[in-house]
Amino acid sequence: MPELPEVEVVRRGLTEHVVGRRIVDVAVLHPRAVRRQAGGADEFTARVRGRVVTAVERRGKFLWLMLDSDEAVVCHLGMSGQMLVRSDGQVPTHLRIAFDLLDGQTLQFVDQRTFGGLFVTEIEDGVPLEVLHIARDPLDPRFDDAEFLARLRRKEVGIKRALLDQTLISGVGNIYADEALWRTSLHYARNSRALRRAEVETLLANVRAVMTEALAQGGTSFDALYVNVNGQSGYFSRSLDAYGREGQPCRRCGTAVVREPFMNRSSFRCPQCQRKPRVSR
DNA sequence: AAGGTCTCCTGAGGGC
DNA sequence: TGCCCTCAGGAGACCT
């Protein structure tokens, strides 16, 4: 479950269901799920077993469980990861890691494609070591708009690439990048250096607005891969204006939305409202 | 240094 | 029914 709103839905669910609970045992069922753990599954298990979860935090698409050892279990959901809390004893097909909680519930990391994963690490300044290089996300009150603008001007990069660069601004993925660009009437290839301050401010306001609206609706789910900790889907997909709307009329001007290859995936835009820049300045 | 391309995986859906 | 193709909410490693 990838972008910020979907990860935040999971964070809130975990806060409700696992904070204060003790992890009595943990089983790693697929080694790829802990490939970022030095020492592998044995090390992961040793550092997690017996610990109490004290908080669940997030930066961008990274999520972590704080432990009473002052270490953190960091989680990235990748393309298809889920964190599920259940008490019905069911074992999903792609279960990769299972945490047995003292209260009888099971916390499951389920991941069809195994692009996601978990690892235990140390905390520095409140953030796991491996998350330190990730920028604050736009819903973080300490996100610095002026610094973001300054960094955009220090480079010459297409604006969508910049939105997807987790070291510049975190939490934005392919869906919300396309939605925010549509709302701002910007083409994805607009040069970051040439954007006016007001355009960047409007873009940031739209990133925040679309993510806040999506969060209120439980995130974007196209299928059962993207669900909250109870297995329920969000319903923001019905509110999308650009993403996935190839051939359908732009909700602003009626022109058919186009899909174009971009960074080995797809970008959706209105060819009328989001004109291709003539030159990259 | 920016921007292509490929890779890691599994599964769904379309065309024939 | 099967087979082959393309595609998917991420992201790091190469190459030019």
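In the text below, chain A, chain B and the rest are named by the order of the sequence lines, each starting its count at 1. Atoms considered below: every heavy atom in the structure, side chains included; atoms not considered: hydrogens, waters and symmetry mates.
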### Task
Assess whether atom CZ of A:Arg49 is packed by more than 12 heavy atoms of other residues, nucleotides or ligands within 6.0 Å.
yes
### Task
Following the transitive rule for hydrophobic clusters with a side-chain heavy-atom cut-off under 4.5 Å over Ile, Leu, Val, Met, Phe, Trp and Tyr, establish whether A:Phe62 and A:Leu132 coincide in one cluster.
yes
### Summary
From the list A:Arg136, A:Glu57, A:Arg59, side-chain contact (heavy atoms from CB on, under 4.5 Å) with A:Val127 holds only for A:Arg59
### Query
In this structure, which one of A:Val120, A:Val74, A:Ile134 forms a side-chain contact (heavy atoms from CB on, under 4.5 Å) with A:Pro128?
A:Val74
### Query
Starting at CG of A:Leu163 and ending at P of B:dG3, how long is that distance when rounded to a whole Å?
13 Å
### Query
So, is A:Lys61 near the phosphate of C:dG10, with a side-chain N or O under 4.0 Å from OP1 or OP2?
yes
### Query
NA contact type, A:Asn174, heavy-atom cut-off 4.0 Å: base, sugar-phosphate, or nothing?
sugar-phosphate
### Query
Taking syn as any angle within 90 degrees of 0 and anti as the rest, which one fits C:dG9?
syn
### Message
Can you measure A:Phe268 atom CZ to C:dC7 atom C1' for me and round it to whole angstrom units?
### Response
10 Å
### Task
Establish, for the pair A:Arg252 and A:Trp182, whether the NZ or CZ atom is under 6.0 angstrom from the six-membered ring centre and no further than 45 degrees off its axis.
yes
### Query
Relative to the 5' end of DNA chain B, which residue comes earlier, A:Arg96 or A:Gly158, by the nucleotide with the nearest heavy atom?
A:Gly158
### Query
How would you label the contact of A:Gly219 with the nucleic acid (heavy atoms, under 4.0 Å): base, sugar-phosphate, or nothing?
nothing
## Note on the structure
side-chain contact (heavy atoms from CB on, under 4.5 Å) test vs A:Leu186 passes for just one of A:Leu203, A:Val200, A:Thr202, namely A:Leu203
### Query
Would you say the side-chain atoms of A:Arg245 pair up with the backbone N or O of A:Pro249, donor to acceptor, closer than 3.5 Å?
yes
### Query
What is the distance, rounded to the nearest whole Å, between atom CD of A:Gln82 and atom C1' of C:dG10?
16 Å
#### Entry: Rounded interatomic separation in angstrom, taking CZ from A:Arg161 and P from C:dG10
14 Å
#### Entry: Phosphate OP1/OP2 of C:dA11 contacted by A:His76 side-chain N/O (<4.0 Å)
yes
### Query
Closest to the A:Tyr243 side chain: C:dA11, C:dG10, C:dG9?
C:dG9
### Query
When you compare C:dC5 with B:dC6, how far apart are their P atoms, in angstrom units rounded to a whole number?
15 Å
### Query
How would DNA chain B look in dot-bracket form, 5' to 3', counting Watson-Crick and G-U wobble pairs with both distances under 3.5 Å and writing | for bases paired to another strand?
.|||||||.|||||||
#### Entry: Whole-Å gap separating P (C:dG9) and CG (A:Asp223)
11 Å
### Query
What is the nucleic acid contact for A:Arg32, judged by heavy atoms within less than 4.0 Å: base, sugar-phosphate only, or nothing?
sugar-phosphate
### Message
Please report the distance, rounded to the nearest Å, between CG in A:Leu63 and C1' in C:dG10.
### Response
15 Å
### Query
Below 4.0 angstrom from OP1 or OP2 of C:dA8, is there any side-chain N or O of A:Ser266?
yes
### Task
Please state whether the phosphate of B:dC9, meaning OP1 or OP2, lies under 4.0 angstrom from any side-chain nitrogen or oxygen of A:His30.
no
### Query
Can you check whether A:Phe115 stacks with the C:dG10 base, using ring centres under 5.5 Å and planes within 30°?
yes
### Query
Looking at A:Arg113, does any N or O in its side chain come under 4.0 Å of the phosphate oxygens OP1/OP2 on C:dG9?
no
### Task
Could you tell me whether A:Asp111 contacts a base, only the sugar-phosphate backbone, or nothing, with contacts defined as non-hydrogen atoms closer than 4.0 Å?
nothing
### Query
Which part of the nucleic acid, if any, lies within reach of A:Phe222 when heavy atoms closer than 4.0 Å are counted: base, sugar-phosphate only, or nothing?
base
### Message
Under 6.0 Å from the ring centre and within 45 degrees of the ring axis: does the NZ or CZ of A:Arg161 meet both conditions for the six-membered ring of A:Phe262?
### Response
yes
## Note on the structure
Between OH of A:Tyr226 and C1' of B:dT10 the distance, given in whole Å, is 11 Å
### Task
Would you check if the side chain of A:Glu8 reaches a backbone N or O of A:Glu3 as a donor-acceptor pair within less than 3.5 Å?
no
### Query
With rounding to whole Å, what would you report as the distance between B:dA2 and C:dG9 at their P atoms?
24 Å
### Query
In whole Å, what is the span from the CG atom of A:Asn264 to the C1' atom of B:dG3?
11 Å
### Task
Write down the distance separating the P atoms in B:dC9 and C:dA13, rounded off to the nearest Å.
16 Å
#### Entry: Closest-nucleotide ordering on DNA chain B, the 5'-leading residue of A:His94 and A:Arg154
A:Arg154
